[in-house]
Amino acid sequence: MEPTIVTVTTLNNWVLDFAGNQRRIIESIKISKDVHKAKVRIGSELEIPGYSCEDHFLEPDTFFHSWEVLAEVLKLTKTEPYNDILCLVGMCINHHGVLYNCGVFVYNGTVILIKPKLILADDGNYRESRWFTPWSGGTMVMDFTLPRCISELYGQRKSKFGNAMLRTEEGYIIGTECCEELWAPIPSSTSLFLQGAHVVFNQSGSHFSLRKLEKRIDLIKSATNKTGGIYLYANNRGCDGNRMYFDGSSMICVNGRIVASSNQFNLKDIDVLSAAVDLSSIETFRSPANARAMQATESVKLSYPIIDITGFYLLCPSVPCITQPINEPGLSIEEQIAGAPACWLWDYLRRSGAKGFFLPLSGGADSASTLALIGCMCKLVYDSLKSETGYNKEVIESDLRKLIGRLPESPRDLASEIMHSAYLGTVNSSEETKSRSRRAAEEIGSRHYEVVIDKIVESFIGLFTRLSKSKRPEFKANGGTWIEDLALQNIQARSRMIAAYLMGQLLPWHQNKPGYYLILGSGNLEEGLTGYMTKYDNSSADLNPIGGISKVDLKRFLIWASDKLNAPALSEIAFAVPTAELTPLKEGQICQTDEAELGLTYPEMSALARLRKVDHLGPLYTYKKLLSEWRHLSKLEIATKVKRFYTLYGKNRHKMATITPSLHVESYSADDNRYDIRPLFYNFQWEMQFQQIDEDSQSN
Ligand SMILES: Nc1ncnc2c1ncn2[C@@H]1O[C@H](COP(=O)(O)OP(=O)(O)OC[C@H]2O[C@@H]([n+]3cccc(C(=O)O)c3)[C@H](O)[C@@H]2O)[C@@H](O)[C@H]1O
Ligand SMILES: Nc1ncnc2c1ncn2[C@@H]1O[C@H](COP(=O)(O)OP(=O)(O)OP(=O)(O)O)[C@@H](O)[C@H]1O
Ligand SMILES: NC(=O)CC[C@H](N)C(=O)O
């Protein structure tokens, strides 16, 4: 047996919060040593400045403060009791005027090696090459002159910079790769392991998206299941100031099997994962694998430079037992939909300085889902308050005291302080939705109000009739045109948002609290894509927790949440027919339903949206693909649905410019600002595209 103890840290860091990030990094090193007696501590990608700094990576301040934080790490690890632990820290570094995304190896107060990222992440949400350059110096290592704040500490003037591996006193070889390098067809870790690395680290900034963890686990396991070795994967966690949620799930893997994993969703600011691993198991795994050996001997031509870590022994001879493999982590879709937004909302709330949320609650599935997510957040906060210890408990307690002035006695108690909702009814609203809205709010614990907004709407219409010399717009049901009908719908919806901002501002004052409440919007992903919402109503809240989630998944989530939160009204809402309630009721009954107005069902929209964004198909190729997928429909029916979708999408794309910021969840997200980068307006006649669809669908 050749045992050692390693730790992988998952920190909830925040962009440019250098003081906070420093506290968390320092504390994580202390825990690694004090609690876990570890020989190795690795942190995530860009943990010092925070992953999502974006154009702040162009500011010299970001680099300057990052070095200052690294100086504190050097001071901590220079002497007893926090020396003799190899640390890998993530930060940005300017070398000869080129900006690199780097991992910095530190041992006993010395910078041993700076390893720049070799392959940058540039797809989907990522745009790293806007700021950084990938290292293209191959296996070259150069001298790096350390800045004065480092050299003044202990006199180290130079360090190594480049693509190298490290060697311990016993001869164990250590390498590292950075996030995207694992996602490439030939990961850097493969050549590191083939060239003899025993342990490879991965520093990641990998965001949550539904069903993505499975792919990540496959990649992590595949890093060692053919080459053998120990793989330490450290990811960020939390909302670091943007639309993404970094979902932790840091892992330790030995010869293709996961031996430890941190949670995907929790509220720990500092999460240190450790494992006792047997280094001798690598040789026994490797030696029978001839194919590996053949490629290993071939790969020596690449020949990484090796840097010795003087005085560092990786072995911990007194480890009593080795950590055993665990089941692969994985949560249901419902748990993922609850987990990511709940954590993201808590980070957003505590970091924004707001005192709570205000939600226009219609009694429909979208706003009820938003309410349920707040319910899940309150439960998570309360459960964490009870279960956490030490640093993490102190942080949760301090955040709660700042937010509500005390510690809550239950999730509902917390909700009653921070969650506020209102049914904003008009003559077009029904008793059913009003009652469902009230009951759902009560069950979650939201302070609920019932407000009638007819007078506001009427005064807007009055404003126009004075101008139009009494020419009064009418609903279509009352003999008006579509133009009149839409204008009358839109003014109701838009008035709601204005009323919501008024309530979000004045309710805290009325409740003798300082501050303001964040206005929550509740447009689902398909509504955003097709523009089935009113511009400057739902497009203009402060944040929208469900904007990246499909209505199909939201329904499943509501039924699940109804059970978990003991809130029966949520499941009643999930089974109700979605309706905007913006047009007159017929004999007290709803006559406007979403799917009938749109001419598409929500599952159909979800499928079309996936083909547009994930498969990158335009109208004609979408139609062609669906001919084989939707065998239950005729050519003509498919053509009509594809054209309807693309007409709505093309006509309403402009609404994405003012869309409420939402958490990134689904791979076919339509968030124009960061993820779905496309024009603001189209010729939505799609002349050539639709003509070809027509020719084909009308032929035999
Ligand atoms: N190319 C372009 N670039 C920039 N802006 C453009 C534009 N084209 C129109 N616009 C602007 O957009 C406006 C039209 O958009 P908008 O005001 O949203 O109005 P619009 O899209 O016409 O109507 C909203 C639709 O959403 C439906 N809906 C469904 C469910 C719920 C709700 C709800 O609100 O609760 C609403 C409602 O039934 C209606 O069909 C135009 O009046 C114009 O100001
Ligand atoms: N009567 C209402 N009271 C308060 N808010 C409302 C009311 N009607 C609409 N809203 C707000 O406008 C948003 C958009 O309405 P929409 O009809 O699209 O969603 P919904 O009613 O929540 O769900 P569904 O589409 O499933 O009926 C709602 O999510 C809600 O925030
Ligand atoms: N930061 C990165 O390199 C991201 C890599 C990867 N594509 C992911 O989504 O996790």
Side-chain angles (χ1 to χ4, degrees), residues 44-46 51 101 117 119-126 128 178-184 202-209 212 215-216 219 235-236 244 246-247 359-371 421-426 428-430 433-434 436-437 449-453 482-483 485-487 489-494 496-497 499-500 519-524 527 530-539 541 544 546 551 554-555 558 573-574 576-583 590 592-595 597-598 602 648 650-655 657-658 680-682 684:
S44 56
E45 184 174 11
L46 295 167
Y51 183 82
N101 174 352
K117 190 169 182 176
I119 300 169
L120 299 181
D122 271 322
D123 58 355
N125 280 303
Y126 296 97
E128 289 182 1
C178 189
C179 200
E180 185 75 358
E181 292 175 47
L182 173 67
W183 297 69
N202 182 314
Q203 300 191 284
S204 273
S206 185
H207 70 279
F208 165 79
S209 153
K212 181 176 169 190
K215 163 107 193 214
R216 214 188 274 145
L219 291 172
N235 193 16
N236 290 310
M244 293 194 280
F246 294 97
D247 56 338
L359 170 69
L361 186 61
S362 66
D366 297 326
S367 49
S369 300
T370 302
L371 176 76
S421 51
Y423 186 80
L424 303 164
T426 68
N428 301 317
S429 306
S430 67
T433 53
K434 186 174 173 182
R436 290 201 299 255
S437 166
Y449 302 85
E450 287 178 353
V451 178
V452 175
I453 60 161
W482 269 122
I483 292 177
D485 192 285
L486 267 182
Q489 290 192 43
N490 293 346
I491 193 60
Q492 295 168 71
R494 213 170 274 130
R496 279 196 181 107
M497 194 46 81
I519 309 302
L520 294 175
S522 313
N524 63 55
E527 283 179 345
T530 54
Y532 194 63
M533 55 154 171
T534 303
K535 205 172 181 182
Y536 298 108
D537 166 36
N538 229 344
S539 78
N544 174 10
I546 65 161
K551 180 88 165 198
L554 284 176
K555 278 194 162 187
L558 267 182
I573 290 170
V577 179
T579 165
E581 290 198 330
L582 294 169
T583 56
I590 296 159
Q592 181 186 31
T593 66
D594 290 12
E595 292 183 334
E597 277 200 335
L598 286 162
Y602 277 103
L648 289 168
K651 204 171 185 173
N652 288 312
R653 181 67 194 179
H654 63 91
K655 292 189 186 177
T658 54
L680 277 183
F681 62 98
Y682 297 91
F684 54 85

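Note that ligands are numbered from 1 as they come in the structure, with each ligand's atoms numbered from 1 the same way. We use all heavy atoms of the structure for the numbers below, so side chains are in, but hydrogens, waters and symmetry mates are not.
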Inset, instruction - Give the contacting part of Asp594 toward ligand 2: side chain, backbone, both or neither, where contact means a heavy-atom distance below 4.0 Å. - result: side chain
Inset, instruction - Show which atoms of ligand 3 fall inside a sub-4.0 Å distance from at least one heavy-atom site of Tyr51. - result: 1 (N)
Inset, instruction - Give the minimum heavy-atom separation between Ile453 and Thr426, together with the two atoms involved. - result: CG1-CG2, 3.6 Å
Legend entry - Option set Ser206, Ala184, Ser209, criterion heavy-atom distance to atom 10 (O) of ligand 3, minimum: Ser206
Legend entry - Closest protein heavy atom (residue, atom, distance) for atom 1 (N) of ligand 2: Leu424 O, 3.3 Å
Legend entry - Which atom of Gly521 lies closest to which atom of Ala541, heavy atoms considered: N-CB, 3.3 Å
Inset, instruction - Examine the side chains of Asn236 and Ser44 and answer whether a donor and an acceptor come within less than 3.5 Å of each other. - result: yes
Legend entry - Subset of ligand 2 atoms that lie under 4.0 Å from at least one heavy atom of Ser522: 29 (O)
Inset, instruction - Using distance alone, determine whether Ala365 and ligand 2 share an N or O pair under 3.5 Å. - result: yes
Inset, instruction - Give yes if a backbone or side-chain nitrogen or oxygen of Lys551 is under 3.5 Å from a nitrogen or oxygen of ligand 2, and no if not. - result: yes
Inset, instruction - Provide the number and element of each atom of ligand 1 under 4.0 Å from a heavy atom of Leu486. - result: 22 (O), 23 (O), 39 (C), 40 (O)
Inset, instruction - I would like to know whether Asn428 and Leu582 meet side-chain contact (heavy atoms from CB on, under 4.5 Å); could you show each step before the answer? - result: CA-CA 6 Å; Asn428 301 317; Leu582 294 169; 5.6 Å; no
Inset, instruction - Report yes if some N/O of Gly205 lies less than 3.5 Å from some N/O of ligand 3; otherwise report no. - result: yes
Inset, instruction - Verify the distance criterion only: is there a donor paired with an acceptor across the side chains of Thr433 and Glu581 at less than 3.5 Å? - result: yes
Inset, instruction - Give the ring-plane orientation class for Tyr126 versus His207, where under 30° counts as parallel, over 60° as perpendicular and anything between as tilted. - result: tilted
Inset, instruction - Taking only heavy atoms of Lys212 into account, list the atoms of ligand 3 that are under 4.0 Å away from them. - result: 8 (C), 9 (O), 10 (O)
Legend entry - Atoms in ligand 1 with a heavy atom of Arg494 nearer than 4.0 Å: 16 (P), 17 (O)
Legend entry - atom 4 (C) of ligand 3 [closest protein heavy-atom partner, distance rounded to 0.1 Å]: Cys179 SG, 3.2 Å
Inset, instruction - Tell me which protein heavy atom sits closest to atom 22 (O) of ligand 2, plus the residue, atom name and distance to 0.1 Å. - result: Ser367 N, 2.8 Å
Legend entry - Close approach of Lys655 to ligand 1, heavy atoms, under 4.0 angstrom: yes
Legend entry - Residue Leu582 vicinity, atoms of ligand 1 by number, heavy atom under 4.0 Å: 32 (C), 33 (C), 34 (O), 35 (O), 36 (C)
Inset, instruction - Run the numbers for me: atoms of ligand 3, each under 4.0 Å from some heavy atom of Glu128, listed by number. - result: 1 (N), 2 (C), 3 (O)
Inset, instruction - List the closest protein heavy-atom neighbour of atom 19 (O) of ligand 2: residue, atom name, distance to the nearest 0.1 Å. - result: Asp366 OD2, 3.4 Å
Legend entry - Identity and distance of the protein heavy atom lying nearest atom 18 (O) of ligand 2: Glu527 OE2, 3.1 Å
Legend entry - Among Glu180, Glu128, Gln203, side-chain hydrogen bond (donor to acceptor under 3.5 Å, both in side chains) partner for Lys117: Glu128
Legend entry - Taking atom 13 (C) of ligand 2 as the reference point, the nearest protein heavy atom with its distance: Asn538 ND2, 3.4 Å
Inset, instruction - Could you tell me whether ligand 1 has any atom less than 4.0 Å away from a heavy atom of Glu581? - result: no
Legend entry - Heavy-atom nearest neighbour in the protein, as seen from atom 21 (O) of ligand 2, with distance rounded to 0.1 Å: Ser362 OG, 2.6 Å
Inset, instruction - Compute the shortest N/O to N/O distance between Arg216 and ligand 3 and return yes if it is under 3.5 Å, no if not. - result: no
Inset, instruction - For Asn490 and ligand 1, answer yes if some heavy atom of the residue is under 4.0 Å from a ligand atom, otherwise no. - result: yes
Inset, instruction - For Glu181 and ligand 3, answer yes if some heavy atom of the residue is under 4.0 Å from a ligand atom, otherwise no. - result: no
Legend entry - Numbering as shown, the atoms of ligand 1 that approach Phe681 to under 4.0 Å (heavy-atom distance): 1 (N)
Legend entry - Element-labelled atoms of ligand 1 that are located less than 4.0 Å from some non-hydrogen atom of Ala493: 33 (C), 34 (O)
Inset, instruction - Number the atoms of ligand 3 from 1 as they appear, then name those within less than 4.0 Å of a heavy atom of Ala121, with their elements. - result: 2 (C), 3 (O), 4 (C)
Legend entry - Smallest separation among heavy atoms of Thr583 and Gln489, with atom names: CG2-NE2, 3.6 Å
Legend entry - Protein contact to atom 17 (O) of ligand 2 [nearest heavy atom, distance to 0.1 Å]: Thr579 O, 3.3 Å
Legend entry - Test item: protein heavy atom less than 4.0 Å from atom 15 (O) of ligand 2: no
Inset, instruction - Report, in ascending order of atom number, the atoms of ligand 2 lying under 4.0 Å from any heavy atom of Ala580. - result: 17 (O)
Legend entry - Distance flag for atom 42 (O) of ligand 1, protein heavy atom under 4.0 Å: no
Legend entry - Ala580: numbered ligand 1 atoms lying under 4.0 Å from its heavy atoms: 29 (C), 30 (C), 31 (C)
Inset, instruction - Decide whether an N or O pair under 3.5 Å exists between Glu45 and ligand 3. - result: yes
Legend entry - Asp537 contact mode with ligand 1 (heavy-atom cut-off under 4.0 Å): side chain
Inset, instruction - For atom 31 (O) of ligand 2, find the nearest protein heavy atom and state the residue, atom name and distance (0.1 Å precision). - result: Pro360 O, 2.7 Å
Legend entry - Atoms in ligand 1 with a heavy atom of Glu597 nearer than 4.0 Å: 38 (O)
Inset, instruction - Around atom 7 (N) of ligand 3, find the nearest protein heavy atom and jot down its residue, atom name and distance. - result: Glu180 OE1, 2.6 Å
Legend entry - Within-cut-off N or O pair, Gly425 and ligand 2, under 3.5 Å: no
Inset, instruction - May I ask you to decide if Tyr602's main-chain N or O and Glu595's side chain share a donor-acceptor pair within less than 3.5 Å? - result: yes
Legend entry - Option among Ser362, Ser522, Ser421 that satisfies the side-chain hydrogen bond (donor to acceptor under 3.5 Å, both in side chains) test with Ser367: Ser362
Inset, instruction - Heavy-atom contacts with Ala422 under 4.0 Å: which atoms of ligand 2 show up? List them by number with element. - result: 4 (C)
Inset, instruction - May I ask you to list the atoms of ligand 2 that are less than 4.0 angstrom from any heavy atom of Leu361? - result: 3 (N), 4 (C), 5 (N)
Inset, instruction - Identify the protein heavy atom lying closest to atom 3 (O) of ligand 3, giving its residue, its atom name and the separation to 0.1 Å. - result: Lys117 NZ, 2.8 Å
Inset, instruction - State if Arg496 counts as touching ligand 2 under the rule of any non-hydrogen atom under 4.0 Å. - result: yes
